[in-house]
K.L.:
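Structure incoming, see below.
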Amino acid sequence: MNIEKARHSLAHVLAEAVQRLFPDAKLGMGPAIENGFYYDFDTEEKISSEDLKKIQKEMKKILKKKNTEFEYIEVSIEEAISMFSEKKEHLKLELIEDLKAQGEEKLGIFKQGNWFDLCRGPHVEKMKDLPFKGFKLDRVAGAYWKSDEKNKMLTRIYGLAFEDADKLNDFIEKREEARKRDHRKLGKELEIFAFSDLVGKGLPLLLPKGATLRRVLERFIVDEELRRGYEHVITPVLGKVDLYKVSGHWDHYKDSMYNPIDIEGEEFVLRPMTCPHHFEIYKNNQHSYNDLPRRFAEISSLFRFEKSGELSGLIRLRNFTLADAHIICTQQQMKKEFKDVLILLKYIMDSLGISEKVWYRASLRDDEKGKYVDNDEMWEQSEKVLLEILDELGWKYEISRGDAAFYGPKLDIQIQNVNGKDDTIITNQIDLFLAERFQLEYIDSDGEKKRPVIIHRSSVGCLERTMAFLIEHYAGALPLWLSPVQIRLLSIADRMNDYVEEVYEKLQSRGIRVEKDIRNEKLGKKIREARLMRIPYLAIVGQTEMDNKTLTIRNRNTGEQKEYSLDEFIDRIILEENKKSLELEL
RNA sequence: GCCGUCGUAGCUCAGUAGGUAGAGCGCAUCCUUGGUAAGGAUGAGGUCACCGGUUCAAUCCCGGUCGAUGGCUCCA
């Protein structure tokens, strides 16, 4: 079975079924997609998810006429117009006009019985070629006509479709499994973060364990950056509107910024970016070419306006924390600097254990006017350099037009979330534009003032988003070095409490993240609860351990246990942490 | 923001074809001091998201608001 054809054909069957049940529904577009198909309808009568069963039944009725053919005919533009006028299919008529404008003369129509649709195909031959039990209507959603927010919202019905019932059920099961790793679910269960209606949506509260995870990432990256010649700075979350007028954000990025705040007659905004602040740091003094590159880094709290429907757990927020930096260097240094950034990123991905999961995307501009700064020469040059660097490193990447920043092309690192959607985890840009806007300069060897170039880059990305992906990637079972709690001490009976306390203090004093459970409960219960919290190592303390001054260590992943002297355990734990091992080694 | 769905105890959820609610976990107290995924008993805890409307009566029906969620748009 050609599943693509089947999915596309099922979309037509769906459309016919909907029009039988909702005669006023007009046709939009209905393609095959990954895992299934959809069809968009313009309808006054509301179609709700309650109606899906009914529609699916109607589809099965159509499918039962097994010998109905999908018949292809070619018609002239005029014939097509008259056919769809008769059915009052205004959206199809609009498509016909578009095709006409593109110079098409003949149009394809697919007929199934008396019902027909404008379509170039391909389709299966007959109804009996479709998987009667391999499809299922999935959900109702809204979708803008021609994907444009300014257009009318249509009702889209999504269906899943596979070769047979087994494959369909397999997919549904896998999807449910994946959702168990959802960082929003695990974040709650593992006490990582919460939201409060009173604080506001998109504004996360990091609970103690979440704050710990963030601090671990933060310390990791700050230390690493300092080792690699970055200078960490701290700048305010507010800045004058004028600052963003100079940077061009006010023109190109205003829709993503919050309304200005009036302070004694001056207008301030919450910052969506740190770049302008860092440029002002650069301008604090004069620079010689000998001083470049300067690499200003900051763990920066940013505020971006997201429409309420776009918010999603820790992945899309209104306030988040970017591990940000701006490298200001000469033209000649740019390539090396950008390569060094990529090498750092590779190291980070390796350390976090997600190298295998991410892919690279070169985001270039498209031809949409007004979206980017108007300077063709600059764009051509920076896009060329970006691709050169990637080719020189030999990294595989895909090109995405239209995803560039307004001031330059990006190299994005992409990752897939638990719902199968792609997100950017890290982004870097080459910027030949803002140095001019901010009048950044350095004195070159010939004594002349020159413009530096700027690399915008992130390292561990947005801490909150990165945390979300780590939680999903590891299903909550983080490696030791990232775990908010590394060890939990489990006592067997009250008389061990003093020894537990002694061990607890000793581990804590060595910087190990430790918890103790000395409740009056059975060991089995304590183990169960600690396992649900995905704690890497459980240290069981009973009479034997107390007498021998040891701990029995139970490994989260294997369930195996070994007895260690306290000192040996501490040494080995610290070793494992320092190695940033992705496996539990004890 | 828009279209669909959802909102009952701290958490996970049941329930009422309209007569002001229930379980398990958690919490408190007590018994138990138990060696590898839930020991037992008792008890506290809810303006059924919020605001209006219909009704003798609303957690349930209707309208609005807020929040969450699957899409669309957007995006780190």
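Here is how names work: the chains are called A, B, and so on, in the same order as the sequence lines, proteins then strands, and each is numbered from 1.
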K.L.:
Send over the distance from A/Leu137 CG to B/rG4 C1', rounded to a whole Å.
P.N.:
14 Å
K.L.:
Assess, by modelled atom type and distance only, whether the side chains of A/Asn319 and A/Ser301 contain a donor and an acceptor separated by less than 3.5 Å.
P.N.:
yes
K.L.:
Quick check, are the ring centers of A/Phe279 and A/His326 under 6.0 angstrom apart?
P.N.:
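Judged by ring-centre distance (under 6.0 Å), A/Phe279 and A/His326 do meet the cut-off.
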K.L.:
State whether A/Lys152 places a side-chain N or O below 4.0 Å from either non-bridging phosphate oxygen (OP1 or OP2) of B/rC3.
P.N.:
no
K.L.:
Assess the pair A/His252 and A/Tyr407: is the distance between their ring centroids shorter than 6.0 Å?
P.N.:
no
K.L.:
Could you walk me through whether A/Glu298 and A/His278 pass side chain to side chain contact (heavy atoms under 4.5 Å, CB included), step by step?
P.N.:
CA-CA 9 Å; A/Glu298 179 169 4; A/His278 289 182; 2.8 Å; yes
K.L.:
If I pick the P atom on B/rA44 and the same atom on B/rA23, what distance separates them, to the nearest angstrom?
P.N.:
12 Å
K.L.:
Hey, is CG on A/Asn557 packed in by over 12 heavy atoms from elsewhere, all under 6.0 Å?
P.N.:
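It does: A/Asn557 CG has more than 12 such atoms within range.
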K.L.:
Each nucleotide N or O in nucleotides 24-29 of chain B that has a protein N or O under 3.5 Å away: list the pair and distance.
P.N.:
residue : atom : partner  : partner atom : Å
B/rG26  : OP1  : A/Lys525 : NZ           : 2.9

K.L.:
Rounding to the closest angstrom, what is the interatomic distance between B/rA14 and B/rA9 at atom P?
P.N.:
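One P to the other, the span is 12 Å.
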K.L.:
Would you find more than 12 non-hydrogen atoms of other residues, nucleotides or ligands less than 6.0 Å from A/Lys174 atom NZ?
P.N.:
no
K.L.:
Output every pair passing ring pair (Phe, Tyr, Trp, His ring centres under 6.0 Å) with a member in residues 170-200 of chain A, not counting sequence neighbours, ordered by first then second residue.
P.N.:
A/Phe162-A/Phe171, A/His183-A/Phe193, A/Phe193-A/Phe195
K.L.:
When the C1' atoms of B/rC6 and B/rC50 are compared, how many Å lie between them, rounded to an integer?
P.N.:
16 Å
K.L.:
Check every strand shown and say whether A/Lys526 touches a base, only sugar-phosphate, or nothing at a heavy-atom separation below 4.0 Å.
P.N.:
nothing
K.L.:
Using the P atom as the reference point in each nucleotide, state the distance between B/rG10 and B/rG45 in Å, no decimals.
P.N.:
12 Å
K.L.:
Check whether the ring centres of A/Trp359 and A/Tyr397 lie less than 6.0 Å apart, and answer yes or no.
P.N.:
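They do not qualify: ring centres at least 6.0 Å apart.
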K.L.:
What's the closest nucleotide to the side chain of A/Ile492 if the choices are B/rG4, B/rG34, B/rU12?
P.N.:
B/rG34
K.L.:
Atom pairs under 3.5 Å, N or O on each side, protein against nucleotides 13-15 of chain B: can you list them with distances?
P.N.:
none

K.L.:
Could you tell me how far B/rU54 sits from B/rA41 if I compare only their P atoms? Round to whole Å.
P.N.:
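Approximately 49 Å lies between the P atom of B/rA41 and that of B/rU54.
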K.L.:
Kindly indicate whether the side chain of A/Gln543 and the base of B/rG34 share any N or O donor-acceptor pair separated by less than 3.5 Å?
P.N.:
no
K.L.:
Which nucleotides of nucleotides 64-76 of chain B have their base under 4.0 Å from a protein heavy atom (B), which only their sugar-phosphate (S), and which neither (-), written as one string 5' to 3'?
P.N.:
---SSSBBBBBBB
K.L.:
When you measure from the centre of the six-membered ring of A/Tyr158, is the NZ or CZ of A/Arg139 under 6.0 Å away and within 45° of the axis?
P.N.:
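The answer is yes, since A/Arg139 meets both limits relative to A/Tyr158.
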K.L.:
Of the listed nucleotides (B/rG34, B/rC11, B/rA37), which one gets closest to any side-chain atom of A/Lys522?
P.N.:
B/rG34
K.L.:
Using Watson-Crick and G-U wobble pairs whose two distances are both under 3.5 Å, how do you write the pairing of RNA chain B as dot-bracket, with | for links to another strand?
P.N.:
(((((((..((((.....[..)))).(((((.......))))).....(((((..]....))))))))))))....
K.L.:
Are any side-chain N or O atoms of A/Lys516 and backbone N or O atoms of A/Val500, one a donor and one an acceptor, separated by less than 3.5 Å?
P.N.:
no
K.L.:
Taking only N/O atoms, report every protein-nucleotides 43-45 of chain B pair under 3.5 Å with atom names and distance.
P.N.:
none

K.L.:
Taking the P atom of each, how far is B/rA38 from B/rG19, in whole Å?
P.N.:
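About 40 Å, rounded to a whole number of Å.
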K.L.:
Between the side chains of A/Tyr230 and A/Arg457, does any donor sit under 3.5 Å from an acceptor?
P.N.:
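There is such a pair between these side chains.
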K.L.:
Just the rounded figure in Å: distance from C1' of B/rA37 to CD of A/Glu189.
P.N.:
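Distance check: A/Glu189 CD to B/rA37 C1' gives 15 Å.
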K.L.:
Applying ring pair (Phe, Tyr, Trp, His ring centres under 6.0 Å), run through A/His249 and A/Phe406 and close with a yes or a no.
P.N.:
CA-CA 9 Å; A/His249 285 93; A/Phe406 74 82; 5.1 Å; yes
K.L.:
Between A/Glu585 and A/Arg572, does at least one N-O distance fall below 4.0 Å, as a salt bridge requires?
P.N.:
no
K.L.:
Round to the nearest Å and state the distance from A/Ile535 atom CD1 to B/rU36 atom C1'.
P.N.:
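It is 15 Å, rounded to the nearest whole Å.
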K.L.:
Would you say A/Arg401 has more than 12 foreign heavy atoms packed within less than 6.0 Å of its CZ?
P.N.:
no
K.L.:
Could you work out the separation of B/rC60 and B/rA17 based on their P atoms and round it to a whole Å?
P.N.:
14 Å
K.L.:
On RNA chain B, compare the nucleotides closest to A/Ser48 and A/Leu532; which residue's is nearer the 5' end?
P.N.:
A/Ser48
K.L.:
Under 6.0 Å between the ring centres of A/Phe37 and A/Tyr39?
P.N.:
no
K.L.:
Hey, what's the ring geometry for A/Tyr372 with A/Trp379, parallel, tilted or perpendicular (30° and 60° as the breaks)?
P.N.:
perpendicular
